[in-house]
Amino acid sequence: MKRLLYLVPALLVIFSCDNASLLSGIDQEDLFHSVKHTDSLRIELDFQNREISEPEDIEAEFVLENITDDTLRYRFSSGCQVGYFISTRGQRVFDSTERVMCTAALTKLVIEPGKSARYTISLEHFDTDDIQLEKGLYRLTAFLLGDYGVKITAPFVTR
């Protein structure tokens, strides 16, 4: 019983911890934006809205720019080409691949040298009643479907 009395206050301290500790190690300039380079792509994820309190507030642009002299070609087994998920503290709170129905048509993405492919990421058209974004730090990860290894993550905070 004595151990339980010590454990309860400790748990209260942990769960009431301010979000400042969650943001430690993250530069404020790194929030809502990320850029990554591979041998063939400049990958960017940029939030259009920086005031997020509900899932419907999330809107970002996922950009794939061809930085080679060759045309890049990606093939997909469905009409869906990109996926994305939102996570916090290692737990996924939303995954587009679990909520989207894709057509059974084969599709492809072709990016000419120096050109870009752009995708808008939004939860606006999803039923998000089951998602509660508590105040804190989250991560949006966007990726090409398939085994292409094209993936980027950008941190964001909710108010």
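Hydrogens, waters and symmetry mates play no part in the numbers below; they use all other heavy atoms, side chains included.
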*Would a line drawn from the ring center of Tyr84 to the ring center of Phe143 be shorter than 6.0 Å?*
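When the ring centroids of Tyr84 and Phe143 are compared, they turn out to be at least 6.0 Å apart.
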*Kindly assign one of parallel, tilted or perpendicular to the pair Tyr148 and Phe76, based on the angle between their ring planes and the thresholds 30° and 60°.*
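Because their plane-to-plane angle is over 60°, the rings of Tyr148 and Phe76 count as perpendicular.
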*Begin with the C-alpha distance, continue with both residues' side-chain angles, and end with the deciding distance and a verdict on side-chain contact (heavy atoms from CB on, under 4.5 Å) for Leu45 and His33.*
CA-CA 6 Å; Leu45 186 57; His33 184 82; over 6 Å; no
What I want to check is whether the side chains of [X] and [Y] have a donor and an acceptor closer together than 3.5 Å.
{"X": "Asp70", "Y": "Thr68", "result": "no"}
{"X": "Ser53", "Y": "Asp57", "result": "yes"}
{"X": "Glu112", "Y": "Thr71", "result": "yes"}
{"X": "Glu59", "Y": "Thr120", "result": "no"}

*Apply side-chain contact (heavy atoms from CB on, under 4.5 Å) to the pair Val63 and Tyr119, showing each step before the final yes or no.*
CA-CA 6 Å; Val63 181; Tyr119 297 92; over 6 Å; no
_Checking Leu109 against Arg73 for the side-chain contact (heavy atoms from CB on, under 4.5 Å) test, could you report, in this order, the C-alpha distance in whole Å, the side-chain angles of both residues, the deciding distance, and whether it holds?_
CA-CA 6 Å; Leu109 168 62; Arg73 290 178 170 75; over 6 Å; no
Would you mind reporting whether [Y] and [X] have side-chain heavy atoms less than 4.5 Å apart?
{"X": "Phe94", "Y": "Ile58", "result": "no"}
{"X": "Thr141", "Y": "Ile152", "result": "no"}
{"X": "Glu51", "Y": "Arg159", "result": "yes"}

*asked:* How close do Leu64 and Val150 get, counting heavy atoms only, and between which atoms?
replied: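 Where Leu64 meets Val150 most closely, the heavy atoms are CD2-CG1, 3.7 Å.
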_Heavy-atom closest pair, residues Val93 and Ile131_ =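 So the two residues come closest at O-CG1, 3.7 Å.
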*When you measure from the centre of the six-membered ring of Phe126, is the NZ or CZ of Arg99 under 6.0 Å away and within 45° of the axis?*
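Checked: cation-pi criterion not met.
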